[in-house]
**Q** 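My structure is below; once you've seen it, I'll send some questions.
These numbers were taken from a predicted model, which means no experiment stands behind them.
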Amino acid sequence: YMLYRGITATGTFAGTGSPLDFGLQTVSGVYTVIATSTATTCSINMTGSASVGTIPTVTPSLLLTATPNDTVCAGTTVSFTPVPTSGGTAPTYHWSVNGTSVATTNTYTYIPANGDIVMATMTSNTVCPSPATASRSVTMKVDPYEHPSVTLMATPGDTVCQGTVVTVTPIPTYGGQSPVYTWMKNGVNSGPGGGYVFAPVNNDQLYCIMQSDYLCRLENADTSAVMVLKTDTPLVPVVTISASPGTMVAQGQMLTLTASVVNGGANPTYQWIKNSIPIGGATNAVYASDSFSYPAEDSVVCQVTSSGFCPATGFKWVYIQVARVGVSTIAGSENISILPNPNKGEFIIKGSLGTPTDKEVNLEITDVLGQVVYKDQLMARGGRLNNSIQLSSNLANGMYLITLRSDESKLVFHFVIEQ
(Lines give C-alpha, C1' and ligand atoms only; values in the text may rest on other atoms or scores of the structure.)
Protein backbone atom coordinates (compact mmCIF):
# COMPACT_ATOMS: atom_id res chain seq x y z
CA TYR A 1 0.00 0.00 0.00
CA MET A 2 1.37 3.44 -1.02
CA LEU A 3 0.18 6.48 0.95
CA TYR A 4 -0.13 9.73 -1.00
CA ARG A 5 -0.63 13.29 0.16
CA GLY A 6 -2.11 14.78 -2.94
CA ILE A 7 0.23 13.49 -5.64
CA THR A 8 3.18 13.12 -3.30
CA ALA A 9 4.02 9.62 -2.08
CA THR A 10 4.80 9.64 1.60
CA GLY A 11 5.58 5.96 2.29
CA THR A 12 4.98 2.26 1.51
CA PHE A 13 3.27 -0.07 3.93
CA ALA A 14 3.02 -3.88 3.71
CA GLY A 15 -0.45 -5.37 4.03
CA THR A 16 -1.26 -7.66 6.91
CA GLY A 17 -4.88 -8.49 6.19
CA SER A 18 -5.84 -6.28 9.15
CA PRO A 19 -6.53 -2.54 9.31
CA LEU A 20 -3.38 -0.52 8.60
CA ASP A 21 -1.93 2.29 10.77
CA PHE A 22 -0.17 4.78 8.55
CA GLY A 23 1.30 6.59 11.62
CA LEU A 24 1.30 10.25 12.73
CA GLN A 25 0.88 12.70 9.88
CA THR A 26 1.72 16.29 10.74
CA VAL A 27 1.43 17.92 7.30
CA SER A 28 -1.91 19.25 6.15
CA GLY A 29 -3.40 17.70 3.01
CA VAL A 30 -5.73 15.10 1.49
CA TYR A 31 -4.38 11.57 1.88
CA THR A 32 -5.22 8.59 -0.46
CA VAL A 33 -3.91 5.01 -0.81
CA ILE A 34 -3.03 2.90 -3.87
CA ALA A 35 -2.92 -0.87 -3.37
CA THR A 36 -0.53 -2.97 -5.50
CA SER A 37 -0.72 -6.78 -5.66
CA THR A 38 2.59 -8.41 -4.92
CA ALA A 39 1.52 -11.39 -7.07
CA THR A 40 0.30 -9.63 -10.21
CA THR A 41 1.72 -6.09 -9.68
CA CYS A 42 -1.74 -4.76 -10.54
CA SER A 43 -2.70 -1.52 -8.75
CA ILE A 44 -6.00 -0.02 -7.71
CA ASN A 45 -7.01 3.16 -5.94
CA MET A 46 -8.61 2.46 -2.65
CA THR A 47 -11.90 4.23 -2.12
CA GLY A 48 -12.18 7.17 0.19
CA SER A 49 -9.62 9.71 1.42
CA ALA A 50 -8.59 11.33 4.67
CA SER A 51 -8.18 15.11 5.12
CA VAL A 52 -5.62 16.15 7.72
CA GLY A 53 -5.47 19.74 9.02
CA THR A 54 -3.10 21.42 11.58
CA ILE A 55 -4.01 24.11 14.07
CA PRO A 56 -1.08 26.47 15.10
CA THR A 57 -0.21 26.73 18.79
CA VAL A 58 -0.90 29.98 20.64
CA THR A 59 0.80 31.51 23.70
CA PRO A 60 -1.69 32.82 26.23
CA SER A 61 -0.84 36.10 28.03
CA LEU A 62 -2.39 38.14 30.78
CA LEU A 63 -2.69 41.77 31.84
CA LEU A 64 -3.87 42.83 35.27
CA THR A 65 -5.65 46.09 36.09
CA ALA A 66 -6.09 47.55 39.57
CA THR A 67 -9.06 49.81 40.29
CA PRO A 68 -8.81 52.61 41.35
CA ASN A 69 -5.00 52.24 40.89
CA ASP A 70 -1.91 50.39 42.01
CA THR A 71 -1.06 53.39 44.25
CA VAL A 72 -3.74 54.13 46.84
CA CYS A 73 -4.21 55.59 50.28
CA ALA A 74 -4.25 53.39 53.35
CA GLY A 75 -7.58 51.59 53.84
CA THR A 76 -8.65 51.81 50.18
CA THR A 77 -10.41 48.76 48.64
CA VAL A 78 -8.85 47.71 45.33
CA SER A 79 -10.37 45.45 42.67
CA PHE A 80 -8.11 43.44 40.34
CA THR A 81 -9.36 42.44 36.90
CA PRO A 82 -7.49 40.10 34.51
CA VAL A 83 -7.37 40.93 30.81
CA PRO A 84 -6.52 37.68 28.96
CA THR A 85 -5.17 37.04 25.48
CA SER A 86 -5.74 33.53 24.00
CA GLY A 87 -7.49 32.56 27.19
CA GLY A 88 -10.20 30.57 25.40
CA THR A 89 -13.90 30.68 26.07
CA ALA A 90 -13.71 29.91 29.78
CA PRO A 91 -10.29 30.48 31.32
CA THR A 92 -9.85 29.84 35.04
CA TYR A 93 -7.86 31.96 37.51
CA HIS A 94 -5.87 31.46 40.64
CA TRP A 95 -5.08 34.47 42.89
CA SER A 96 -2.27 34.85 45.43
CA VAL A 97 -1.01 37.70 47.66
CA ASN A 98 2.67 37.60 48.62
CA GLY A 99 2.75 33.94 47.52
CA THR A 100 -0.29 32.87 49.59
CA SER A 101 -3.33 31.53 47.72
CA VAL A 102 -6.38 33.74 48.31
CA ALA A 103 -9.03 33.08 45.60
CA THR A 104 -10.01 31.24 42.38
CA THR A 105 -12.59 33.76 41.18
CA ASN A 106 -12.56 35.69 37.92
CA THR A 107 -11.71 38.92 39.82
CA TYR A 108 -10.25 39.66 43.23
CA THR A 109 -11.02 42.52 45.66
CA TYR A 110 -9.37 43.37 48.99
CA ILE A 111 -7.70 46.17 51.06
CA PRO A 112 -3.97 45.98 50.31
CA ALA A 113 -0.97 46.83 52.48
CA ASN A 114 2.06 48.67 51.17
CA GLY A 115 4.32 46.40 49.14
CA ASP A 116 1.75 43.62 48.64
CA ILE A 117 2.38 41.57 45.48
CA VAL A 118 -0.92 40.45 43.94
CA MET A 119 -0.57 37.68 41.30
CA ALA A 120 -3.14 36.16 38.96
CA THR A 121 -2.43 32.86 37.15
CA MET A 122 -4.71 32.03 34.20
CA THR A 123 -5.27 28.54 32.78
CA SER A 124 -6.41 28.84 29.15
CA ASN A 125 -8.98 26.56 27.56
CA THR A 126 -8.24 27.70 24.03
CA VAL A 127 -7.21 25.15 21.35
CA CYS A 128 -3.48 24.37 21.26
CA PRO A 129 -2.18 26.69 24.02
CA SER A 130 1.57 26.58 24.67
CA PRO A 131 2.00 26.86 27.59
CA ALA A 132 -1.46 26.48 28.98
CA THR A 133 -0.95 29.05 31.79
CA ALA A 134 0.06 32.71 32.02
CA SER A 135 0.69 34.91 35.07
CA ARG A 136 0.86 38.62 35.84
CA SER A 137 1.49 40.44 39.13
CA VAL A 138 1.01 43.96 40.51
CA THR A 139 3.01 45.46 43.37
CA MET A 140 0.86 47.76 45.46
CA LYS A 141 2.02 51.09 46.84
CA VAL A 142 -0.09 52.15 49.81
CA ASP A 143 0.58 55.66 51.16
CA PRO A 144 -0.39 56.86 54.63
CA TYR A 145 -2.49 59.95 55.19
CA GLU A 146 -0.06 62.74 56.13
CA HIS A 147 0.31 66.49 56.60
CA PRO A 148 2.60 68.02 53.92
CA SER A 149 5.47 70.16 55.23
CA VAL A 150 8.42 72.08 53.80
CA THR A 151 11.73 73.30 55.23
CA LEU A 152 14.42 75.48 53.67
CA MET A 153 18.13 74.86 53.10
CA ALA A 154 20.54 77.69 52.20
CA THR A 155 23.74 77.11 50.23
CA PRO A 156 26.46 78.04 51.19
CA GLY A 157 24.56 78.97 54.36
CA ASP A 158 22.23 81.46 56.00
CA THR A 159 25.18 83.61 57.13
CA VAL A 160 27.45 84.79 54.31
CA CYS A 161 29.80 87.57 53.35
CA GLN A 162 28.17 90.63 51.85
CA GLY A 163 27.58 90.17 48.11
CA THR A 164 27.63 86.37 48.23
CA VAL A 165 24.96 84.66 46.10
CA VAL A 166 22.83 82.24 48.14
CA THR A 167 20.68 79.41 46.77
CA VAL A 168 17.71 78.54 48.99
CA THR A 169 16.23 75.11 48.26
CA PRO A 170 12.89 73.80 49.57
CA ILE A 171 12.99 70.37 51.24
CA PRO A 172 9.47 68.92 50.99
CA THR A 173 7.93 66.14 53.06
CA TYR A 174 4.82 64.60 51.49
CA GLY A 175 4.97 67.22 48.76
CA GLY A 176 4.02 64.73 46.07
CA GLN A 177 5.48 64.35 42.59
CA SER A 178 5.20 67.99 41.49
CA PRO A 179 4.80 70.43 44.38
CA VAL A 180 4.44 74.12 43.51
CA TYR A 181 6.31 76.78 45.51
CA THR A 182 5.64 80.49 46.02
CA TRP A 183 8.49 82.57 47.54
CA MET A 184 7.99 85.48 49.92
CA LYS A 185 10.90 87.84 50.68
CA ASN A 186 10.43 90.44 53.38
CA GLY A 187 6.69 89.89 53.13
CA VAL A 188 6.54 90.49 49.35
CA ASN A 189 5.60 87.82 46.80
CA SER A 190 8.78 87.08 44.83
CA GLY A 191 7.31 84.54 42.43
CA PRO A 192 7.30 80.76 41.92
CA GLY A 193 10.16 78.33 41.41
CA GLY A 194 11.82 75.20 42.70
CA GLY A 195 14.55 77.29 44.37
CA TYR A 196 15.38 80.92 45.16
CA VAL A 197 18.73 82.46 44.19
CA PHE A 198 19.78 85.93 45.34
CA ALA A 199 22.47 88.01 47.06
CA PRO A 200 20.88 88.78 50.43
CA VAL A 201 21.03 91.98 52.38
CA ASN A 202 21.59 91.61 56.10
CA ASN A 203 18.43 90.40 57.91
CA ASP A 204 16.52 89.56 54.71
CA GLN A 205 13.59 87.30 55.63
CA LEU A 206 12.58 84.52 53.26
CA TYR A 207 9.95 81.79 53.35
CA CYS A 208 7.96 79.73 50.84
CA ILE A 209 4.45 78.34 50.50
CA MET A 210 4.23 74.79 49.10
CA GLN A 211 1.16 73.45 47.29
CA SER A 212 1.34 69.66 47.63
CA ASP A 213 0.03 67.08 45.17
CA TYR A 214 0.72 64.15 47.51
CA LEU A 215 -2.11 61.63 47.02
CA CYS A 216 -3.04 61.13 50.66
CA ARG A 217 -2.54 64.70 51.93
CA LEU A 218 -4.52 66.00 54.88
CA GLU A 219 -3.96 69.63 53.77
CA ASN A 220 -3.23 71.11 50.39
CA ALA A 221 -0.45 73.52 51.43
CA ASP A 222 2.25 74.23 54.01
CA THR A 223 4.27 77.35 54.80
CA SER A 224 7.93 77.02 55.76
CA ALA A 225 9.50 78.70 58.75
CA VAL A 226 11.00 82.13 58.06
CA MET A 227 14.71 82.01 57.22
CA VAL A 228 16.63 85.11 58.35
CA LEU A 229 19.77 85.61 56.28
CA LYS A 230 22.74 87.36 57.85
CA THR A 231 25.54 89.07 55.94
CA ASP A 232 28.94 90.03 57.28
CA THR A 233 31.33 92.67 55.92
CA PRO A 234 35.01 91.69 55.81
CA LEU A 235 37.35 93.99 57.73
CA VAL A 236 40.88 94.36 56.36
CA PRO A 237 43.47 93.83 59.11
CA VAL A 238 45.58 96.89 59.98
CA VAL A 239 49.14 95.78 60.64
CA THR A 240 51.99 97.57 62.37
CA ILE A 241 55.51 96.17 62.81
CA SER A 242 57.95 96.91 65.61
CA ALA A 243 61.64 96.03 65.26
CA SER A 244 63.99 95.18 68.13
CA PRO A 245 66.66 96.52 68.38
CA GLY A 246 65.68 98.51 65.25
CA THR A 247 65.55 98.36 61.48
CA MET A 248 69.33 98.85 61.24
CA VAL A 249 71.45 96.02 62.62
CA ALA A 250 75.03 94.90 62.51
CA GLN A 251 76.07 91.92 60.42
CA GLY A 252 75.01 88.71 62.17
CA GLN A 253 72.94 90.57 64.76
CA MET A 254 69.60 88.99 65.68
CA LEU A 255 66.62 91.13 64.78
CA THR A 256 63.13 90.47 66.11
CA LEU A 257 60.11 91.79 64.22
CA THR A 258 56.73 91.79 65.96
CA ALA A 259 53.43 92.36 64.14
CA SER A 260 50.50 94.01 65.91
CA VAL A 261 47.08 93.66 64.28
CA VAL A 262 43.79 95.51 64.48
CA ASN A 263 40.73 93.82 62.89
CA GLY A 264 42.51 90.47 62.87
CA GLY A 265 39.79 88.48 64.58
CA ALA A 266 40.35 85.90 67.29
CA ASN A 267 42.92 83.80 65.39
CA PRO A 268 44.58 85.69 62.53
CA THR A 269 47.14 83.88 60.40
CA TYR A 270 50.55 85.32 59.58
CA GLN A 271 53.04 84.97 56.75
CA TRP A 272 56.33 86.84 56.73
CA ILE A 273 57.80 87.61 53.31
CA LYS A 274 61.35 88.77 52.58
CA ASN A 275 62.10 90.38 49.24
CA SER A 276 58.79 89.06 47.78
CA ILE A 277 59.55 85.44 48.80
CA PRO A 278 57.48 83.79 51.58
CA ILE A 279 59.68 82.68 54.48
CA GLY A 280 59.15 79.04 55.30
CA GLY A 281 57.86 78.49 58.82
CA ALA A 282 57.50 82.23 59.52
CA THR A 283 53.79 82.06 60.30
CA ASN A 284 53.57 83.67 63.73
CA ALA A 285 53.22 87.25 64.94
CA VAL A 286 56.94 87.29 65.81
CA TYR A 287 59.77 86.74 63.34
CA ALA A 288 63.41 86.63 64.43
CA SER A 289 66.43 86.30 62.14
CA ASP A 290 70.10 87.26 61.77
CA SER A 291 70.29 86.57 58.03
CA PHE A 292 69.71 89.98 56.49
CA SER A 293 71.58 91.15 53.40
CA TYR A 294 74.70 93.29 53.38
CA PRO A 295 75.20 95.83 51.89
CA ALA A 296 71.76 95.63 50.16
CA GLU A 297 68.48 96.49 51.86
CA ASP A 298 65.88 93.81 52.66
CA SER A 299 62.15 94.43 52.37
CA VAL A 300 60.24 92.41 54.97
CA VAL A 301 56.46 92.16 54.78
CA CYS A 302 54.04 90.68 57.29
CA GLN A 303 50.88 89.49 55.56
CA VAL A 304 47.97 88.92 57.96
CA THR A 305 44.70 87.18 57.12
CA SER A 306 41.91 87.78 59.59
CA SER A 307 39.90 84.99 61.14
CA GLY A 308 36.12 85.04 61.32
CA PHE A 309 33.34 84.49 58.86
CA CYS A 310 34.61 86.88 56.19
CA PRO A 311 38.41 86.79 56.23
CA ALA A 312 40.44 89.53 54.57
CA THR A 313 44.15 90.13 54.14
CA GLY A 314 46.23 93.14 55.13
CA PHE A 315 49.98 93.73 55.23
CA LYS A 316 52.75 96.02 56.40
CA TRP A 317 56.38 96.27 55.33
CA VAL A 318 59.65 97.51 56.77
CA TYR A 319 63.13 97.89 55.31
CA ILE A 320 66.02 96.25 57.13
CA GLN A 321 69.58 97.57 56.65
CA VAL A 322 72.79 96.04 57.88
CA ALA A 323 75.23 98.73 59.08
CA ARG A 324 78.67 99.11 57.48
CA VAL A 325 81.76 98.04 59.38
CA GLY A 326 83.07 100.94 61.54
CA VAL A 327 79.78 102.77 61.91
CA SER A 328 79.22 103.33 65.59
CA THR A 329 77.23 105.32 68.03
CA ILE A 330 78.21 106.87 71.32
CA ALA A 331 76.56 106.92 74.70
CA GLY A 332 73.60 109.23 74.75
CA SER A 333 72.62 108.64 71.11
CA GLU A 334 69.38 107.13 72.28
CA ASN A 335 68.36 110.70 73.18
CA ILE A 336 68.38 111.81 69.51
CA SER A 337 65.02 111.48 67.73
CA ILE A 338 63.89 111.91 64.14
CA LEU A 339 60.28 113.08 64.08
CA PRO A 340 58.27 111.82 62.36
CA ASN A 341 59.72 108.53 61.15
CA PRO A 342 58.67 107.40 58.55
CA ASN A 343 58.16 110.80 56.91
CA LYS A 344 57.76 112.44 53.52
CA GLY A 345 61.23 114.03 53.46
CA GLU A 346 60.41 116.72 55.99
CA PHE A 347 61.35 116.04 59.63
CA ILE A 348 62.97 117.37 62.83
CA ILE A 349 66.22 116.17 64.42
CA LYS A 350 65.81 116.69 68.12
CA GLY A 351 67.71 115.60 71.25
CA SER A 352 70.90 115.78 73.27
CA LEU A 353 74.48 114.94 72.29
CA GLY A 354 75.29 114.17 75.90
CA THR A 355 77.45 117.30 76.45
CA PRO A 356 76.59 120.72 78.02
CA THR A 357 78.71 122.74 75.58
CA ASP A 358 77.93 124.13 72.13
CA LYS A 359 78.96 121.83 69.33
CA GLU A 360 79.19 122.20 65.55
CA VAL A 361 77.69 119.12 63.94
CA ASN A 362 78.05 118.06 60.30
CA LEU A 363 74.91 116.43 58.93
CA GLU A 364 75.07 113.99 56.00
CA ILE A 365 72.17 111.93 54.58
CA THR A 366 72.89 108.98 52.30
CA ASP A 367 70.75 106.40 50.57
CA VAL A 368 71.23 102.64 50.96
CA LEU A 369 73.87 102.66 48.22
CA GLY A 370 75.96 105.21 50.10
CA GLN A 371 75.16 108.12 47.77
CA VAL A 372 74.95 111.47 49.54
CA VAL A 373 71.55 113.09 49.01
CA TYR A 374 71.82 115.96 51.55
CA LYS A 375 74.49 117.87 53.55
CA ASP A 376 74.25 120.59 56.20
CA GLN A 377 76.07 122.04 59.21
CA LEU A 378 74.13 122.34 62.45
CA MET A 379 74.83 124.03 65.78
CA ALA A 380 73.98 122.10 68.94
CA ARG A 381 73.42 124.82 71.54
CA GLY A 382 74.35 123.43 74.94
CA GLY A 383 74.77 120.08 73.26
CA ARG A 384 71.12 119.99 72.10
CA LEU A 385 69.71 119.77 68.58
CA ASN A 386 66.29 120.97 67.39
CA ASN A 387 66.58 121.39 63.63
CA SER A 388 64.07 121.06 60.78
CA ILE A 389 65.22 119.26 57.62
CA GLN A 390 63.54 119.57 54.21
CA LEU A 391 64.69 117.07 51.55
CA SER A 392 64.01 117.05 47.83
CA SER A 393 60.57 115.77 46.85
CA ASN A 394 62.23 113.70 44.10
CA LEU A 395 63.76 111.22 46.56
CA ALA A 396 62.50 107.66 46.24
CA ASN A 397 60.65 105.87 48.99
CA GLY A 398 62.88 103.72 51.14
CA MET A 399 65.51 103.64 53.89
CA TYR A 400 68.05 106.48 54.40
CA LEU A 401 70.95 107.03 56.84
CA ILE A 402 71.66 110.20 58.81
CA THR A 403 75.26 110.66 60.01
CA LEU A 404 76.01 113.36 62.60
CA ARG A 405 79.71 114.17 63.16
CA SER A 406 81.23 116.49 65.74
CA ASP A 407 84.87 116.92 66.72
CA GLU A 408 84.66 114.01 69.12
CA SER A 409 81.76 111.79 68.12
CA LYS A 410 79.86 110.23 65.25
CA LEU A 411 76.18 109.26 65.40
CA VAL A 412 74.31 107.18 62.81
CA PHE A 413 70.52 106.87 62.52
CA HIS A 414 68.12 105.56 59.93
CA PHE A 415 64.72 106.76 58.75
CA VAL A 416 62.18 105.89 56.08
CA ILE A 417 60.69 108.10 53.40
CA GLU A 418 57.12 107.21 52.41
CA GLN A 419 55.88 109.76 49.88
Side-chain angles (χ1 to χ4, degrees), residues 69-74 114-115 139-239 261-271 273 278 283 285 301-316:
N69 210 326
D70 58 2
T71 299
V72 295
C73 298
N114 188 48
T139 300
M140 295 302 298
K141 185 176 186 298
V142 180
D143 290 331
Y145 285 97
E146 295 289 350
H147 296 270
S149 64
V150 60
T151 59
L152 301 182
M153 180 181 70
T155 304
D158 59 5
T159 301
V160 296
C161 295
Q162 188 174 6
T164 300
V165 174
V166 176
T167 299
V168 181
T169 304
I171 308 298
T173 302
Y174 302 110
Q177 295 296 318
S178 302
V180 176
Y181 302 96
T182 300
W183 294 93
M184 305 292 291
K185 186 176 78 170
N186 299 327
V188 178
N189 189 327
S190 296
Y196 195 77
V197 180
F198 74 127
V201 176
N202 192 39
N203 290 324
D204 269 352
Q205 296 186 7
L206 187 71
Y207 68 92
C208 79
I209 302 168
M210 178 187 72
Q211 298 291 331
S212 170
D213 67 350
Y214 175 66
L215 178 65
C216 306
R217 60 189 180 273
L218 295 174
E219 293 94 19
N220 290 327
D222 183 57
T223 300
S224 74
V226 176
M227 175 180 284
V228 179
L229 293 110
K230 302 288 186 179
T231 61
D232 193 8
T233 302
L235 294 178
V236 177
V238 178
V239 186
V261 183
V262 178
N263 297 332
N267 296 291
T269 58
Y270 301 84
Q271 178 61 65
I273 302 168
T283 55
V301 174
C302 184
Q303 179 177 286
V304 180
T305 300
S306 63
S307 62
F309 198 82
C310 297
T313 300
F315 64 92
K316 182 66 176 177

**Q** Can you pull out every side-chain hydrogen bond (donor to acceptor under 3.5 Å, both in side chains) where at least one residue sits in residues 150-159? Sequence neighbours excluded, please.
**A** none
**Q** What residues form a side-chain hydrogen bond (donor to acceptor under 3.5 Å, both in side chains) with Asn220, not counting sequence neighbours?
**A** Arg217
**Q** Just verifying a value: how many Å separate Ser224 OG and Met153 CE, rounded to the nearest 0.5 Å?
**A** 13.5 Å
**Q** Please find the pair of heavy atoms, one from Gln303 and one from Ile273, that lie closest to each other, and give the distance.
**A** OE1-CD1, 4.1 Å
**Q** Partners of Thr305 by side-chain hydrogen bond (donor to acceptor under 3.5 Å, both in side chains), sequence neighbours excluded?
**A** Thr313
**Q** Between Asp213 (side chain only) and Gln177 (backbone N and O only), is there a donor and an acceptor less than 3.5 Å apart?
**A** yes
**Q** Measure across Gly115 and Thr139 and return the closest heavy-atom pair with its distance rounded to 0.1 Å.
**A** O-CG2, 4.2 Å
**Q** Got a sec, which pairs hit ring-ring contact (aromatic ring centres under 6.0 Å, His included) with one end in residues 154-175, sequence neighbours left out?
**A** Tyr174-Tyr214
**Q** To the nearest 0.5 Å, tell me how far Leu152 CG sits from Leu229 CG.
**A** 9.5 Å
**Q** Mind listing the closest non-hydrogen atom pair of Pro170 and Trp183 along with its distance?
**A** CD-CZ2, 3.8 Å
**Q** Partners of Asp70 by side-chain hydrogen bond (donor to acceptor under 3.5 Å, both in side chains), sequence neighbours excluded?
**A** none
**Q** Among pairs that include at least one residue of residues 139-150, which meet salt bridge (charged side-chain N to carboxylate O under 4.0 Å, His left out), considering only residues two or more places apart or in two chains?
**A** Lys141-Asp143
**Q** Test of understanding: with side-chain contact (heavy atoms from CB on, under 4.5 Å), list the residues that count as partners of Lys185, not counting sequence neighbours.
**A** Ser190, Tyr196, Phe198, Asp204, Leu206
**Q** Work out which heavy atom in Ser306 is nearest to a heavy atom in Asn263; give both atom names and the distance.
**A** CB-O, 3.5 Å
**Q** Not counting sequence neighbours, which residues clear side-chain contact (heavy atoms from CB on, under 4.5 Å) with Leu215? List them please.
**A** Thr71, Cys73
**Q** Would one find more than 12 heavy atoms of other residues, nucleotides or ligands at under 6.0 Å from atom CZ of Phe309?
**A** yes
**Q** Quick check: closest heavy atoms across Tyr181 and Val150, and the distance to 0.1 Å?
**A** CE2-CG2, 4.0 Å
**Q** Any non-hydrogen side-chain atom of Met210 less than 4.5 Å from a side-chain atom of Pro148?
**A** yes
**Q** Of all residues at least two apart in sequence or in a different chain, which pass the side-chain contact (heavy atoms from CB on, under 4.5 Å) check with Pro268?
**A** Tyr270, Val304
**Q** Using the test side-chain hydrogen bond (donor to acceptor under 3.5 Å, both in side chains), find all partners of Asn203 that sit at least two apart in sequence or belong to another chain.
**A** Lys230
**Q** Is Val160 close to Pro200 at the side-chain level, that is, under 4.5 Å between some pair of heavy atoms?
**A** yes
**Q** My understanding is that only residues two or more places apart in sequence, or in another chain, count here; which of them pass side-chain contact (heavy atoms from CB on, under 4.5 Å) with Leu218?
**A** Tyr145, His147
**Q** Report, one line per pair, each donor and acceptor closer than 3.5 Å where one atom sits in a side chain of residues 231-238; sequence neighbours left out.
**A**
from	atom 1	to	atom 2	distance (Å)
Thr231	OG1	Asn202	N	3.2
Thr233	OG1	Gln162	OE1	2.9

**Q** Could you tell me which non-hydrogen atom of Val142 sits nearest to which non-hydrogen atom of Ala74, and how far apart they are?
**A** CG1-CA, 3.5 Å
